[in-house]
Amino acid sequence: MTDHTAHLAEAVAIARRNVDEGGSPYGAVIVRDGAVLARAANTVHRTNDPSDHAEMVALREASRLLGSRDLSDCVMYASGQPCPMCHAAMRLAGFRAGYFAYAAEEAETYGAGSAGIYAELCRPLAEQPMRLEHRRPEGESPYPAWAAKKRG
């Protein structure tokens, strides 16, 4: 049986240590079959890579250890509510469950979090602050070739 409370507490402890080391207040733990597979803190402050959120760093490590991008038998524990990027990556990796300790709205009150981005992404493309337009080039899409290779 998985101890959700202990895994969430570990994610929060990682976040607190990260703050002490000059980073942001985010930590993540990935568990598979009740055992911790990966632990990570947000490392954006060290790498300047805006995708180095705790969940992303842990997800990369878990995928590397398992030799698979399928993490459908894993559970994510995060100190804060996963941002849209991390949430999407978790979905793409097949996660069926995840738990977080603190909501994005609470983080926003301290200048952290991504509640605003979630709201923006729900608006039509033309109404979002980052301009993203659909412009189809001439020529065939790469999707048919990809689908044909998958069918073998």
Trainee: Closest approach of P82 and E55, non-hydrogen atoms and distance?
Mentor: CA-OE2, 3.5 Å
Trainee: I need the minimum non-hydrogen distance between A40 and A58, along with the two atoms involved.
Mentor: CB-N, 3.6 Å
Trainee: What's the spacing between R39 CZ and E10 CD if we round to 0.5 Å?
Mentor: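 Between atom CZ of R39 and atom CD of E10 there are 4.0 Å.
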Trainee: Quick one: does any side-chain atom of Q128 pair with a main-chain N or O of R123 as donor and acceptor, under 3.5 Å?
Mentor: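 Yes, the answer is positive, given that a donor and an acceptor are paired below the 3.5 Å cut-off.
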Trainee: Decide side-chain contact (heavy atoms from CB on, under 4.5 Å) for S79 and F100; before the verdict, give the C-alpha distance in whole Å, the side-chain angles of both, and the deciding distance to 0.1 Å.
Mentor: CA-CA 5 Å; S79 60; F100 61 91; over 6 Å; no
Trainee: Could you check whether D49 and S51, counting side-chain N and O atoms only, form a donor-acceptor pair closer than 3.5 Å?
Mentor: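 Yes - a donor-acceptor pair under 3.5 Å links their side chains.
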Trainee: Where is the tightest heavy-atom contact between A78 and A11, given as atom of each residue plus distance?
Mentor: C-CB, 3.9 Å
Trainee: Are Y99 and H7 packed together at the side-chain level, in the sense that at least one heavy-atom pair is separated by less than 4.5 angstrom?
Mentor: no
Trainee: Quick one: are T109 and E105 in side-chain contact, heavy atoms under 4.5 Å?
Mentor: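 T109 vs E105: side chains apart.
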Trainee: From Y77 OH over to I14 CD1, what is the distance, rounded to the nearest 0.5 angstrom?
Mentor: 13.0 Å
Trainee: Find out whether V75 and I30 are in side-chain contact, i.e. whether some heavy atom of one side chain is under 4.5 Å from a heavy atom of the other.
Mentor: no
Trainee: Just checking E127: does its CD atom have more than 12 heavy atoms from other residues, nucleotides or ligands closer to it than 6.0 angstrom?
Mentor: yes
Trainee: Do S141 and R136 come within less than 4.5 Å of each other through their side chains, counting heavy atoms only?
Mentor: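 In short, these two side chains touch, coming nearer than 4.5 Å.
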Trainee: At what distance, to the nearest 0.5 angstrom, does CG of L59 lie from CD of E61?
Mentor: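 Here the rounded value is 10.5 Å.
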Trainee: Quick one, L71 and S63 - any side-chain contact, counting heavy atoms below 4.5 Å?
Mentor: yes
Trainee: Just by distance, no angles: are the side chains of Y26 and H53 close enough, under 3.5 Å, to form a donor-acceptor pair?
Mentor: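 Per modelled atom types, Y26 and H53 side chains form no pair under 3.5 Å.
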Trainee: Side chain of E108, backbone of S114: donor and acceptor closer than 3.5 Å?
Mentor: yes
Trainee: Between N42 (side chain only) and S24 (backbone N and O only), is there a donor and an acceptor less than 3.5 Å apart?
Mentor: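 It does not hold such a pair.
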Trainee: Taking all heavy atoms of A15 and all of G27, pick out the closest pair and write down the distance.
Mentor: CB-N, 3.6 Å
Trainee: Let me check something: do M76 and L37 share a hydrophobic cluster, defined by ILVMFWY side-chain heavy atoms less than 4.5 Å apart, either directly or through other members?
Mentor: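 Result: yes, single cluster for both.
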Trainee: Would you indicate whether E138, at its atom CD, is surrounded by more than 12 heavy atoms from other residues, nucleotides or ligands within a distance under 6.0 Å?
Mentor: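 Counting other residues, nucleotides and ligands, CD of E138 stays at 12 neighbours or fewer.
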Trainee: What distance separates L92 CG from H87 NE2, expressed to the nearest 0.5 Å?
Mentor: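 Going from the CG atom of L92 to the NE2 atom of H87 covers 10.0 Å.
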Trainee: Please say yes or no: joined through hydrophobic side-chain contacts below 4.5 Å, possibly via intermediate residues, are L65 and M90 part of one cluster?
Mentor: yes
Trainee: Starting from the C-alpha separation in whole Å, work towards a yes-or-no answer on side-chain contact (heavy atoms from CB on, under 4.5 Å) for R16 and V19.
Mentor: CA-CA 5 Å; R16 287 187 178 128; V19 168; 5.7 Å; no
Trainee: Listing request: all ring pair (Phe, Tyr, Trp, His ring centres under 6.0 Å) pairs with a residue in residues 103-152, at least two apart in sequence or in separate chains.
Mentor: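 Residue pairs passing ring pair (Phe, Tyr, Trp, His ring centres under 6.0 Å), neighbours aside: none found.
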Trainee: Does M130 belong to the same Ile/Leu/Val/Met/Phe/Trp/Tyr cluster as I117, with side-chain heavy atoms less than 4.5 Å apart forming each link?
Mentor: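 Per the 4.5 Å side-chain linkage, M130 and I117 are not co-clustered.
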Trainee: Has the side chain of Q81 got a donor or acceptor atom that lies under 3.5 Å from a matching backbone atom of A104?
Mentor: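 Yes; judged by distance alone, with no hydrogens or angles, the pair exists.
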Trainee: List the steps, then state whether side-chain contact (heavy atoms from CB on, under 4.5 Å) holds for V29 with V31.
Mentor: CA-CA 6 Å; V29 176; V31 174; 4.0 Å; yes
Trainee: Only counting residues at least two apart or in another chain, list the ones meeting salt bridge (charged side-chain N to carboxylate O under 4.0 Å, His left out) with R60.
Mentor: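 Counting only residues at least two positions away or on another chain, R60 forms a salt bridge (charged side-chain N to carboxylate O under 4.0 Å, His left out) with D52.
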Trainee: Do S72 and F95 have side chains that approach each other closer than 4.5 Å (heavy atoms only, starting at C-beta)?
Mentor: no
